[in-house]
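Accompanying notes for the structure given below.
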Amino acid sequence: MLLLEKPRSGKFSPLGPEDRFCFDCQDECMGRCCRKTNIILEPWDLEVMARGLGLNTSDFVDAYAELQIDPETLWPYVRLRHVADGPCAFLAERGRCRIYPLRPRVCRSYPVGRRVVIDGTNAAGEPALRASFFLLQTPQFCLGPRGTRTWTLSEWLETSGSLEYFRLSAEHLALKALALELKYHQWWEGPPHMLHMFFLFEPDLIREEFEISENDVGHVEFYRRRMQALRLLLTDQAARQGYHLETTGGGGEVCALDLTGTAPDILDWMLSVLRGEKPGG
Ligand code: SF4
Ligand code: SF4
């Protein structure tokens with residue numbers, strides 16, 4: 001299953017860490033890439049941007065974005081809203097980004113894209129992701145490839161600050177892949193769906209609700225724990241619906257954590273995961 005950033009056309013040529021390419025943003029076309037572009041924010045993008053602007057994520061979404069649900073997979077995502085005449089709301093004078101240090105992953109890593117495929121299962125029987133990087137085909141107006149500066153892929157990812165974003169994005173994708181594997185979109189609705197949104201997109205509310213401060217748990221770790229708690233909820237709910245994951249070649253043994261009848265309360269388990277008191281499975 002292909003999950004992300006398919007090359008628009010042409011053949012797909014993966015980039016190795018030391019492969020070089022030429023790219024240098026030019027004053028002449030500065031900001032053209034920020035007009036009428038569809039920018040999808042992952043949960044980590046959203047919380048970094050909101051925090052940097054001194055907003056909670058709900059207020060950020062109200063002001064600058066919209067929360068949407070993919071009609072096929074029911075997976076929620078956030079789209080950056082554009083101003084009425086097209087450009088991104090953060091585009092400033094002379095084509096500069098008003099929130100450059102906070103810009104989301106896709107803006108950071110451009111023109112490097114990432115292709116992700118599900119490649120069997122990992123030791124826990126969960127979908128394993130295999131990612132490769134490639135150069136996106138740039139539109140004609142983008143003069144970056146005509147610049148003289150060259151980069152290796154490693155230099156580009158490091159300099160743009162994309163690496164941690166890609167790592168967290170892979171964890172988010174693995175969660176989504178697990179959810180799809182568990183066919184969650186066939187049975188996931190109502191209150192669990194709200195919890196889903198809550199755990200992915202509302203770090204501030206969760207911290208407030210469960211009294212977990214930034215000093216107690218740092219932001220990256222808290223994001224990981226939220227995903228872990230959500231994975232626990234998904235596997236529990238899937239087990240209640242009769243869906244389990246099976247290992248490849250493991251004789252069909254059940255790997256999903258079936259909490260039915262064993263957990264005192266799934267929410268207590270999730271809270272324990274958030275507090276780092278128990279492994280989340
Ligand atoms: S967030 Fe910044 S870099 Fe990204 S599209 Fe908007 S203005 Fe451009
Ligand atoms: S070179 Fe391309 S990415 Fe850079 S500012 Fe110009 S249009 Fe945007």
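All ligand and atom numbering here is 1-based and tracks the order in the structure. Atoms considered below: every heavy atom in the structure, side chains included; atoms not considered: hydrogens, waters and symmetry mates. Note that the structure is a prediction, hence the values are computed from the model and not measured.
Not close to ligand 2: Cys34, with no non-hydrogen atom less than 4.0 angstrom away.
The protein heavy-atom contact nearest to atom 6 (Fe) of ligand 1 is Cys88 SG, 2.4 Å. When only non-hydrogen protein atoms are considered, atom 2 (Fe) of ligand 2 lies nearest to Cys142 SG, 2.3 Å. Among all protein heavy atoms, the one lying closest to atom 8 (Fe) of ligand 2 is Cys33 SG, 2.3 Å. Looking only at protein heavy atoms, the nearest one to atom 4 (Fe) of ligand 2 is Cys25 SG, 2.4 Å. For atom 1 (S) of ligand 2, the closest non-hydrogen atom of the protein is Gly144 N, 3.2 Å.
Residue Met30 approaches ligand 2 through these ligand atoms, each under 4.0 Å from one of its heavy atoms: 5 (S). For ligand 1, the atoms sitting less than 4.0 Å from at least one non-hydrogen atom of Leu91 are 7 (S), numbered in the order shown with element in parentheses. Listed by number with element, the atoms of ligand 2 under 4.0 angstrom from any heavy atom of Gly31 are 5 (S). Within ligand 2, the atoms closer than 4.0 Å to a non-hydrogen atom of Tyr110 are 3 (S), numbered from 1 in the order shown.
Not one N, O or S atom of Cys97 sits under 2.8 Å from atom 6 (Fe) of ligand 1. Atom 4 (Fe) of ligand 1 has an N, O or S atom of Cys107 under 2.8 Å away, backbone or side chain.
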Audit row: Phe21, Val112, side-chain contact (heavy atoms from CB on, under 4.5 Å) steps and yes/no
CA-CA 10 Å; Phe21 63 93; Val112 170; 3.8 Å; yes
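Here the side chain of Thr57 pairs a donor or acceptor atom with the backbone of Phe201 at under 3.5 angstrom. Checking side-chain atoms of Glu155 against main-chain N and O of Thr152 turns up a donor-acceptor pair under 3.5 Å.
Using cut-offs of 30° and 60° on the angle between ring planes, the pair His172 and Trp75 is tilted.
Contact record, Ala65 with Val78: CB-CG1, 3.6 Å, taken as the closest heavy-atom pair.
Between Glu171 and Arg167 there is no salt bridge, since no side-chain nitrogen of the basic residue lies less than 4.0 Å from a carboxylate oxygen of the acidic one. Under a 4.0 Å N-O distance rule, the pair Arg96/Asp27 qualifies as a salt bridge. Salt-bridge formation is not detected for the pair Glu214/Arg207: no Lys NZ or Arg NE/NH1/NH2 atom is positioned less than 4.0 Å from an Asp or Glu carboxylate oxygen.
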